[in-house]
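Reviewing the structure listed below.
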Amino acid sequence: MRWTETFIPTHKEDPTEAEVISHKLMVRAGLMRKLTSGVYTYLPLGLRAIKKVEQIVREEMNRAGALELLMPILHPGELWQESGRWDLYGKELMKVTDRHQRNFALGPTHEEVITDLLRNHIRSYRRLPLTFYQIQTKFRDEIRPRFGVMRAREFVMKDAYSFHENEASLDKTYQRMYEAYARIFQRCGLSTAPVQADSGVIGGDVTHEFMVLADNGESEILSCECGYAATREGARSLIPPYSIEEKAKPLEKVNTPGAHTVEQVTEFLNVDAKRLIKTILYRCDDRVVAVLIRGDRDINEAKVRRSRECAKLEMATPEEILKVSGAPVGFTGPVGLKGVELISDKSLQGLVNVVVGANEDQAHLINTNFPRDFAIDSFESLHMAQAGDLCPACGKPLTSRRGIEVGQIFKLGTKYSTSMRATFLDQDGRELPFIMGCYGIGITRTVAAAIEQYHDEGGIIWPITIAPYQLLILPLNVDDEKTIATAEQLYETLSEAGLEILMDDRDERAGFKFKDADLIGIPLRLTVGEKSLEEGKVELKLRRDDQVLKIDQDKAVAHVVKLIHKERSAIENVSAKK
RNA sequence: CGGGGCGUAGCGCAGUCUGGUAAGCGCGCCUGCUUCGGGAGCAGGAGGUCGGAGGUUCAAAUCCUCUCGCCCCGACCA
């Protein structure tokens with residue numbers, strides 16, 4: 001492709017709206033433009049990088065035995081009502097109505113549609129297992145889109161769904177996908193870490209996220225030197241033990257005017273937050289559950305949801321709190337709390353003489369002890385993990401890093417097949433729900449993550465496997481006949497050799513073209529200029545280092561082909577061995 | 001959803017408080033000359049319903065009301 005015949009609107013200045021480097025560079029390098037909040041047009045250069053990632057994903061999905069199809073972006077509302085997610089998915093589900101006022105949703109993910117397909121067409125265990133995938137635009141009405149394509153509302157995603165007759169078959173496919181994912185990200189040149197995660201609204205029990213480590217990533221990863229790694233939400237950390245060597249004192253009520261947060265209460269009473277119990281009321285489907293946790297810790301709602309097996313979990317409203325506890329928000333406590341389940345995080349074990357809300361306006365109880373003053377129905381791990389907690393695998397402290405989630409795989413089980421009555425007949429003629437798995441990769445986010453990982457002050461440094469072009473030919477002075485003739489000839493010969501080439505044939509000054517070359521980050525650059533041509537040479541340079549290699553004109557083709565091969569295999573052979 | 005900020009030329013911004021030759025700057029774009037190996041110089045030029053609607057006024061980018069869009073922070077931990 002000739003620069004003058006394509007569309008690469010580069011910019012010298014950062015766009016004001018961009019915060020993170022990948023967003024800035026994707027705009028500056030002419031990869032994309034914003035249409036509206038969280039929605040982008042991918043320009044030719046950006047689209048080429050996206051297509052490269054897609055192709056790698058496609059190859060690896062096919063290799064793993066998945067079948068490509070393409071599902072609609074517009075989903076009938078009934079399908080989502082059937083699975084229960086019409087109400088449960090949340091506001092991110094973009095709902096629309098057609099001219100007949102029929103309800104539709106823009107697909108944020110496709111479990112419903114694929115399950116509907118399978119239930120209509122697969123009746124026998126003999127056809128299982130089956131895995132389908134698609135690469136398609138998704139829409140999620142994010143509460144706050146940001147960081148460009150990293151948290152967009154409209155984005156390209158690969159999603160795959162597998163169907164099985166039993167757990168063993170699901171395990172096998174899950175493992176296969178896990179390995180495919182590792183290969184995909186390696187082939188994209190990315191270093192990723194698989195971590196244990198929470199399954200959120202998708203559902204299911206076992207799930208891993210693939211993270212690209214990046215300082216400004218949105219997700220916090222807790223990891224241990226033993227190899228354990230999990231997201232903050234998914235971590236099963238242990239809280240360092242804290243016990244108090246004190247005799248139980250008599251229960252006492254104290255006035256705590258105006259103190260309705262942990263901070264205010266601890267300050268008012270001059271006690272450590274660890275000696276306070278927070279009592280949080282949740283509406284869990286149709287019942288109310290009180291969750292107790294030590295004052296210095298936060299609750300992991302995903303754990304509560306799983307523990308109570310409820311579909312919808314929300315904090316109780318102030319009205320509900322008043323009704324249940326008899327006191328306004330800020331004074332709830334476990335003593336005398338009636339009509340609710342009382343579950344506790346394990347962080348309460350070992351506590352003596354603690355502070356709790358009195359279920360009375362402007363009052364707390366001190367020197368509370370259990371089971372003397374109240375009973376706890378069960379002790380479970382319900383806390384949000386944090387750095388410094390202990391590794392569930394080996395007991396050493398966990399450390400915190402940040403990452404960008406580029407892929408996630410789930411064992412769904414029968415969540416959707418049961419609610420949507422998608423069944424097959426096993427060999428004994430029994431009707432059973434499909435056992436499912438699902439597997440996503442954020443394609444556009446992967447491109448952004450690659451830029452986060454590979455850039456310098458000058459711009460992007462594409463890994464060659466996902467670069468929009470492999471080689472940039474840069475004739476310095478397009479008015480010089482010899483220069484342009486040489487460049488044209490190299491362009492032609494190397495194109496015939498199968499290389500993807502961009503030639504900067506613009507009539508611009510050298511410095512200008514060099515700056516743009518660095519900005520758009522094509523991995524190899526072949527500079528053709530009068531000075532070197534006098535010696536019969538052209539100049540070959542890798543974007544990622546500073547060395548300029550002067551090579552004989554007639555050896556240039558062979559050299560370039562060899563170097564590209566070398567660059568590719570540096571990335572791809574690693575994955576081949578794994 | 002709450003709070004804050006911003007909408008003026010393709011991009012980045014000043015001007016708004018204090019209404020009146022305040023429609024301006026830099027980059028980019030067009031023409032010409034010079035220059036030509038890391039975002040050139042000079043000269044000339046094109047380009048704006050000042051986000052939109054309504055209002056106040058002799059007069060509105062500027063004041064008032066409404067509205068739309070964009071960005072940032074926060075979002076119930078008792």
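Numbers restart at 1 for each chain; the letters A, B, ... are given by sequence-line order, proteins then strands.
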Inter-nucleotide P distance (B:A43, B:G28), Å rounded: 15 Å
B:G74 pairs with, by Watson-Crick or G-U criteria that keep both distances under 3.5 Å: B:C1
Test log, rule salt bridge (charged side-chain N to carboxylate O under 4.0 Å, His left out), inputs A:Asp504 and A:Arg506: CA-CA 6 Å; A:Asp504 190 353; A:Arg506 293 176 299 172; 2.8 Å; yes
Taking only N/O atoms, report every protein-nucleotides 74-77 of chain B pair under 3.5 Å with atom names and distance.
residue	atom	partner	partner atom	Å
B:C77	O2'	A:Lys278	NZ	3.2
B:C77	O2	A:Ile299	N	3.3

Heavy-atom pair with the smallest gap, counting every atom of A:Val352 and A:Ile244: O-CD1, 3.5 Å
Strand partner of B:U21, provided both Watson-Crick or wobble distances fall under 3.5 Å: none
Pair A:Trp462 and A:Tyr454, ring centroids less than 6.0 Å apart: no
Paired nucleotide for B:U62 [Watson-Crick or G-U wobble; both distances under 3.5 Å]: none
Pair A:Glu142-A:Lys91, salt bridge (charged side-chain N to carboxylate O under 4.0 Å, His left out): steps then yes or no: CA-CA 8 Å; A:Glu142 290 288 344; A:Lys91 298 218 173 85; over 6 Å; no
Separation of A:Leu337 CG from A:Leu292 CG (nearest 0.5 Å): 8.5 Å
A:Tyr242 six-ring centre to A:Lys274 NZ/CZ under 6.0 Å and within 45° of normal: yes
Who pairs with B:G32 - Watson-Crick or G-U, where each distance is under 3.5 Å: B:C42
Separation of the C1' atoms in B:G51 and B:A61, to the nearest angstrom: 12 Å
Distances for protein N or O near nucleotides 35-38 of chain B N or O, under 3.5 Å:
residue	atom	partner	partner atom	Å
B:U35	O2	A:Arg509	NH1	2.6
B:G37	O6	A:Lys531	N	3.3
B:G37	O6	A:Ser532	N	3.4
B:G37	N1	A:Glu539	OE1	3.3
B:G37	N1	A:Glu539	OE2	2.7
B:G37	N2	A:Glu539	OE1	2.2
B:G37	N2	A:Glu539	OE2	3.2
B:G38	O6	A:Arg525	NH1	3.3
B:G38	O6	A:Arg525	NH2	3.0
B:G38	N1	A:Asp518	OD2	3.2
B:G38	N2	A:Phe514	O	3.4
B:G38	N2	A:Asp518	OD2	2.0

Test item: side-chain donor near acceptor, A:Gln362 and A:Asn255, under 3.5 Å: no
Residue of the set A:Asp480, A:Thr483, A:Val538, A:Leu526 for which side chain to side chain contact (heavy atoms under 4.5 Å, CB included) holds with A:Pro475: A:Thr483
Integer-rounded Å distance: B:C11 P and A:Leu43 CG: 14 Å
Counter-base of B:U57, judged by Watson-Crick or G-U geometry with both distances under 3.5 Å: none
Ring geometry between A:Trp80 and A:Tyr89 (parallel below 30°, tilted from 30 to 60°, perpendicular above 60°): perpendicular
Watson-Crick or G-U counterpart of B:G47, or none if no pair lies under 3.5 Å: none
Gap in Å between the two P atoms, one belonging to B:G48 and one to B:G10, rounded: 8 Å
Sugar-phosphate only, base, or nothing, as touched by A:Ser37 at under 4.0 Å among non-hydrogen atoms: sugar-phosphate
Separation between the C1' atoms of B:G15 and B:G24, rounded to whole Å: 8 Å
Same-atom distance (C1') from B:A9 to B:C30, integer angstrom: 15 Å
Assigned partner base of B:C6, Watson-Crick or wobble definition, under 3.5 Å: B:G69
Distance between P atoms of B:G20 and B:C77 (Å, rounded): 49 Å
Member of A:Glu252, A:Glu246, A:Arg275 meeting the side-chain hydrogen bond (donor to acceptor under 3.5 Å, both in side chains) criterion with A:Asn353: A:Glu246
From CA spacing to verdict: salt bridge (charged side-chain N to carboxylate O under 4.0 Å, His left out), A:Glu380, A:Arg308: CA-CA 11 Å; A:Glu380 300 169 36; A:Arg308 296 298 96 186; 2.9 Å; yes
Integer angstrom distance from the C1' of B:C29 to that of B:G39: 16 Å
Pairwise C1' distance for B:U16 and B:A23, with rounding to whole Å: 13 Å
Residue pair A:Met26 / A:Val447: nearest heavy atoms and the distance that separates them: CE-CG1, 4.1 Å
Residues A:Asp373 and A:Thr368: side-chain donor-acceptor under 3.5 angstrom: no
Residues in contact with RNA chain B, drawn from residues 7-36 of chain A - heavy-atom cutoff 4.0 Å: A:His11, A:Lys12, A:Glu13, A:Thr16, A:Glu17, A:Glu19, A:Arg28, A:Lys34, A:Thr36
Between P of B:C73 and CD of A:Glu218, the distance in whole Å: 10 Å
